[in-house]
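Notes to accompany the following structure.
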Amino acid sequence: MTQAQGGVRGWAADRKGHLSRLRFTSLRLRLVVVFGLVALTAAVSASGIAYWLNREAVLTRTQDAVLRDFQQEMQNHAGLLPELPEQHELQRTAQEMANSSQRFSVLLVAQNSDGTALYANSGALNGFSLQDVPTSLRAAVDEEQDVDSANKYPYHLYWQRTVDDGTPYLVAGAKVINGGTTGYMLKSLEPEAKDLNSLAWSLGIATGLALIGSALLAQAAATTVLKPVHRLGVAARRLGEGKLDTRLRVSGTDELADLSRTFNDAAEALEKRVDDMAARDDASRRFVADMSHELRTPLTAITAVTEILEEELEAETGSMDPMIEPAVRLVVSETRRLNDLVENLMEVTRFDAGTARLVLDDVDLADQITACIDARAWLDAVELDAERGLHARLDPRRLDVILANLIGNALKHGGSPVRVAVRQADESVVIEVRDHGPGIPEDVLPHVFDRFYKASASRPRSEGSGLGLSIALENAHIHGGEITAANSSEGGAVFTLRLPRDASELALEGEGKQSS
């Protein structure tokens, strides 16, 4: 049952793939349709013109031959009849006229000596009678015209095409010059109609073959034209994936070759620009890293001095001059701030360089958060809602950095009490840090994790460096986690940290990617 379902799904997927390739927005399909429409229009037009010309030629040739023969028979036979013939003479003449090479039916109309109308036919075509002759044709045949220089005869030959039960006929009539016997002729055009039908079928088949041929030609032309376009699309996707060394093979001097050359030039320029930007970025990171390392040595000495000065400030001996005490306090606080900034910059450069690594250990989250709060003397300002026994395999130092930044930020900008809640969700752990402050302005929310971003532009200097939340987010990402910021419906801001229960697989995967 599973194999059958898999086969059906595979067939459906293949069918969907073919349909997607043949969607009307496809240039290939549009080329085939346009070629087909042009070929169909040309073939139908050519076939129609050919059919019409052949039809007129066939009918005119047959018609001229029959009318010429009928006129000759009227002169040779009907013209020899007396003005008032007998019935047997009229019948014999009709039979003789019908035996001509064209094999048409003949109807002769005359009057005998007592003025009675006589009718004689050749007996073919189910008995050709006067009712088979159109009234307009009879009237034209019987009409006597004036004889002059332009018209030498009072009577003329007239003809007309008719259709009876789907069979075409040629009907003609003429009167003897002396005004005696009137003759009518009926000739079936069915053989010519069959020939024309065969011609129409042949032209229809030729049109269909032309349409199929045009579709195949369009497919071949589309393949020839679209192959370079397809290669260009593949190259553009590879370029978009970051493979900047992608180039197209250029052949020919047509527009597609020019397009390929333009693409290669653009890709080369883009690769050079990206290389230049990467080189400048690497130089900037090296500068920051080198500067941070160079600053650590004098900062160590300065920090030692400020610690001594801070001890003097806290001593009760009063040995510190009250006039310089504010300056000493400023030096101590700014030195501490500078030291934190250098440490943060070094941490950022490690993330940018891809050298940050996880040192994983089994962590009890409740104990870890308690240790973080206790180390910073925040026990009175933070409420912890976490059950003991909830373990995760994480990097304790980096988790401490994340928690310190989130809780410290909440205490600094939000307000006490800060509530930290821990819960388990599927294969992850979720830590929420909520304060009871005014919340985060809506225009600030998208930027809270940006480096060096400060909500108040009017106060560019503050106790923070603007790197804390950015470093916390980077530490979450290296674990395979995420941090989001939002405003609570009950007031205050909420930072939600989501980390996997076990970051070992992610750490191994990241090392494999970097080594490759």
- [ ] With rounding to the nearest 0.5 Å, note down the distance linking CG in Asp276 to CZ in Arg273.
- [x] 8.5 Å
Open item on the list: If you compare all heavy atoms of Val250 against all heavy atoms of Ala257, which two are closest, and at what distance to 0.1 Å?
Closed with: CG1-O, 3.9 Å
Task: Rounded distance (nearest 0.5 Å) linking atom CG of Leu248 with atom CG of Leu232 - done: 5.5 Å
- [ ] Count the heavy atoms belonging to other residues, nucleotides or ligands that lie under 6.0 Å from CG of Asp380, then report whether that count exceeds 12.
- [x] no
Open item on the list: Could you check whether any side-chain heavy atom of Asp435 comes within less than 4.5 Å of a side-chain heavy atom of His413, counting everything from C-beta outward?
Closed with: no
- [ ] Report yes if some heavy atom in the side chain of Glu427 is under 4.5 Å from a heavy atom in the side chain of Pro500; otherwise report no.
- [x] no
TODO: Can you spot which of Arg238, Arg237, Glu241 makes a side-chain contact (heavy atoms from CB on, under 4.5 Å) with Thr246?
DONE: Arg238
- [ ] Show your working on salt bridge (charged side-chain N to carboxylate O under 4.0 Å, His left out) between Glu387 and Arg423 and close with a plain yes or no.
- [x] CA-CA 8 Å; Glu387 295 182 2; Arg423 57 185 173 85; over 6 Å; no
Open item on the list: If the threshold is 4.0 Å, N to carboxylate O, is there a salt bridge linking Arg498 and Asp426?
Closed with: no
Open item on the list: Pair Arg419, Asp385 - check side chain to side chain contact (heavy atoms under 4.5 Å, CB included), show working.
Closed with: CA-CA 7 Å; Arg419 181 178 178 83; Asp385 180 10; 3.0 Å; yes
Open item on the list: Between Ile402 and Leu497, does the side chain to side chain contact (heavy atoms under 4.5 Å, CB included) criterion hold? Intermediate values first, please.
Closed with: CA-CA 9 Å; Ile402 297 173; Leu497 168 65; 3.7 Å; yes
Task: CG-CG distance between Asp364 and Leu390, expressed to the nearest 0.5 angstrom - done: 7.5 Å
Open item on the list: What's the separation between atom CD1 in Ile212 and atom OG1 in Thr207, rounded to the nearest 0.5 Å?
Closed with: 11.0 Å
Open item on the list: Testing the basics here: between Ala404 and Cys372, what is the closest heavy-atom pair and its distance to 0.1 Å?
Closed with: N-SG, 3.7 Å
Open item on the list: Counting C-beta onward and ignoring hydrogens, is there a side-chain heavy-atom pair between Tyr169 and Leu189 closer than 4.5 Å?
Closed with: no
Task: Considering all heavy atoms, the nearest Val433-Ala410 contact - done: CG1-CB, 4.1 Å
Task: Asn487 side-chain N/O to Ile440 backbone N/O, donor-acceptor pair under 3.5 Å - done: yes
- [ ] Decide yes or no for Trp378 and Val418: does some side-chain heavy atom of the first lie under 4.5 Å from some side-chain heavy atom of the second?
- [x] no
TODO: Apply salt bridge (charged side-chain N to carboxylate O under 4.0 Å, His left out) to Asp361 and Arg397, showing your working.
DONE: CA-CA 10 Å; Asp361 195 4; Arg397 185 186 70 82; over 6 Å; no
Open item on the list: Once rounded to the nearest 0.5 Å, what's the spacing between atom CG of Leu403 and atom CZ of Arg398?
Closed with: 14.0 Å
Task: Rounded distance (nearest 0.5 Å) linking atom CG of Leu469 with atom CD1 of Ile471 - done: 9.5 Å
- [ ] Using a strict cut-off of less than 4.0 Å between a Lys/Arg side-chain nitrogen and an Asp/Glu carboxylate oxygen, indicate whether Asp258 and Arg261 qualify as a salt bridge.
- [x] yes
Open item on the list: Between Asp395 and Val359 (side chain of the first, backbone of the second, donor and acceptor by atom type, cut-off under 3.5 Å), is there such a pair?
Closed with: yes
Open item on the list: Given 3.5 Å as the limit, does a donor-acceptor pair link the side chain of Asn405 with the main chain of Ala472, or not?
Closed with: no
Task: Within-4.5 Å side-chain heavy-atom neighbours: Leu244 and Leu270 - done: yes
Open item on the list: Can you tell me which residue among Val363, Ile369, Asn475 is in a side-chain contact (heavy atoms from CB on, under 4.5 Å) with Leu399?
Closed with: Val363
Open item on the list: Let's go through Arg247 and Glu271 carefully: what are the C-alpha distance in whole Å and the side-chain angles of both, what is the deciding distance for salt bridge (charged side-chain N to carboxylate O under 4.0 Å, His left out) to 0.1 Å, and is it a yes or a no?
Closed with: CA-CA 11 Å; Arg247 298 293 185 273; Glu271 183 180 19; 2.7 Å; yes
- [ ] Could you tell me whether a side-chain N or O of His436 sits under 3.5 Å from a main-chain N or O of Gly491, the two making a donor and an acceptor?
- [x] no
- [ ] Could you please spell out the steps behind the side chain to side chain contact (heavy atoms under 4.5 Å, CB included) verdict for Leu365 and Val429?
- [x] CA-CA 9 Å; Leu365 294 176; Val429 291; 3.7 Å; yes
TODO: Considering non-hydrogen atoms only, spot the tightest contact between Thr370 and Ala366 and give its length.
DONE: OG1-O, 2.8 Å
Open item on the list: Let's go through Ile431 and Phe495 carefully: what are the C-alpha distance in whole Å and the side-chain angles of both, what is the deciding distance for side chain to side chain contact (heavy atoms under 4.5 Å, CB included) to 0.1 Å, and is it a yes or a no?
Closed with: CA-CA 8 Å; Ile431 302 175; Phe495 285 83; over 6 Å; no
TODO: For the residue pair Arg376 and Asp400, establish whether any side-chain heavy-atom pair is separated by less than 4.5 Å.
DONE: yes
TODO: Measure from the side-chain N and O atoms of Glu383 to the backbone N and O of Val420, and report whether any donor-acceptor pair falls under 3.5 Å.
DONE: no
